[in-house]
Amino acid sequence: MLERRHHLPDQHPPLAFPALRSPVHQLGPAEPFDFSRRVAVMAIVNRTPDSFYDDGATFGLQSAVDAVLAAERAGADIVDIGGQPFAPGEELSEADEIARVVPVIRAVRERTGVPISAETYRARVAEACIEAGAGIINDTSGLRDEDLARVVAASGVQLVITHSVAAPRAELTRPHYDDVVGEVRAFLEARAERALELGVGEEQLIIDPGHDLNKNTMHTLELTRRFDEISSIGFPALAAVSNKDFIGETLDREKRNRVAGSLASAVACILLGARIVRMHNVPEAVDATRMTEAILGLRAPAYTRHNL
């Protein structure tokens with residue numbers, strides 16, 4: 001059967017993607033990632049007994065390592081490994097957090113070069129994760145510990161700055177914003193500028209508006225609808241939408257039945273400029289992302305034979 005493989009031209013401007021201050025980022029030991037031409041799928045592996053989504057399914061060391069390797073096989077570009085949730089609860093000690101995350105990073109790094117993100121807001125934990133092989137530090141606290149930026153600056157790894165208001169693991173009831181998108185944007189611009197002042201390079205910075213983090217469902221829907229106001233800041237923007245409560249409340253779905261809503265939310269963010277989507281259901285997320293890339297003109301079809 002006649003079949004053709006296609007290649008994109010050298011210059012093929014994507015739809016709706018705002019310009020980046022520094023599009024090429026070194027995410028790990030592999031080749032640099034060009035965010036002007038690709039969207040990264042970040043898989044989620046939580047080595048926690050109280051993860052909101054998997055209820056501790058990857059808490060065991062081998063289970064966590066296997067989940068990372070499975071995510072890579074499914075096409076994930078990055079795997080984000082966390083040792084404690086953002087949600088309110090008892091805070092782990094630094095030593096306990098390191099003991100959860102670092103062995104996973106070391107074991108994975110011995111087997112593969114997949115870019116590894118470590119979710120932490122602490123400088124000492126970040127330092128240990130980087131030494132073990134992490135290439136990205138995902139800080140959900142919005143750089144509350146400025147020493148973390150200094151660690152990142154010295155190591156050359158990536159830093160995700162996320163909008164949040166409350167202290168890590170603290171509860172914030174009835175969050176209020178006069179203009180949630182404007183306030184999130186101002187926060188991210190200010191924290192990114194502070195990171196630059198502390199020595200972090202533009203090519204190291206990623207921003208995340210923090211879907212659902214200290215925000216209610218209406219806030220998060222507004223943030224998703226106006227995601228282009230976040231992506232236009234000029235750093236690669238991450239959309240962490242997977243299976244979150246805003247999807248459950250919008251669709252009246254329990255957490256195990258939010259895949260379709262998660263994919264719709266991720267695609268909406270990509271169309272408005274997101275360069276990274278952080279997702280639990282990796283095979284489905286990879287297909288949705290790659291299809292969206294093709295629609296945007298960022299990716300050629302794997303092959304064509306229909307009507308040829």
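- In this structure, T250 contributes its side chain and I247 its backbone to no donor-acceptor pair below 3.5 Å.
- Residues passing the side chain to side chain contact (heavy atoms under 4.5 Å, CB included) test with D178, sequence neighbours excluded: H176, E183.
- Closest approach of N243 to S262, counting heavy atoms only: N-OG, 2.7 Å.
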Residues D245, K215; criterion salt bridge (Lys or Arg N to Asp or Glu O under 4.0 Å); working and verdict: CA-CA 10 Å; D245 285 339; K215 303 168 188 73; over 6 Å; no
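- Between F246 and H211, the ring planes are tilted. Angles from 30° to 60° get that label.
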Salt bridge (Lys or Arg N to Asp or Glu O under 4.0 Å) between D147 and R124, intermediate numbers included: CA-CA 9 Å; D147 281 342; R124 284 186 56 201; over 6 Å; no
Stepwise salt bridge (Lys or Arg N to Asp or Glu O under 4.0 Å) check, R122 with D145: CA-CA 6 Å; R122 293 159 155 166; D145 179 0; over 6 Å; no
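- Side-chain N or O atoms of D34 include one that pairs as donor or acceptor with a backbone N or O of S36 at under 3.5 Å.
- Residues T140 and S164 are not in side-chain contact: their nearest non-hydrogen atoms beyond the backbone lie 4.5 Å or more apart.
- Within the 6.0 Å centre-distance limit, the rings of F187 and H163 are counted as a close aromatic pair.
- Proximity of a side-chain donor or acceptor of T112 to a complementary backbone N or O of V108 within less than 3.5 Å is not detected.
- The minimum heavy-atom distance between L238 and F227, with the atom names listed, is O-CZ, 3.9 Å.
- Heavy atoms of other residues, nucleotides or ligands lying less than 6.0 angstrom from CD of E254 number 12 at most.
- Under the 3.5 Å distance criterion, the side-chain polar atoms of R191 are matched with a main-chain donor or acceptor of G142.
- For the pair V41/R290, a side-chain contact is recorded, criterion being any heavy-atom separation below 4.5 Å from C-beta on.
- Closest approach of L205 to A192, counting heavy atoms only: CD1-O, 3.8 Å.
- At a threshold of 4.5 Å between non-hydrogen side-chain atoms, the residues L159 and L143 count as touching.
- Side-chain N or O atoms of R47 include none that pairs as donor or acceptor with a backbone N or O of Q84 at under 3.5 Å.
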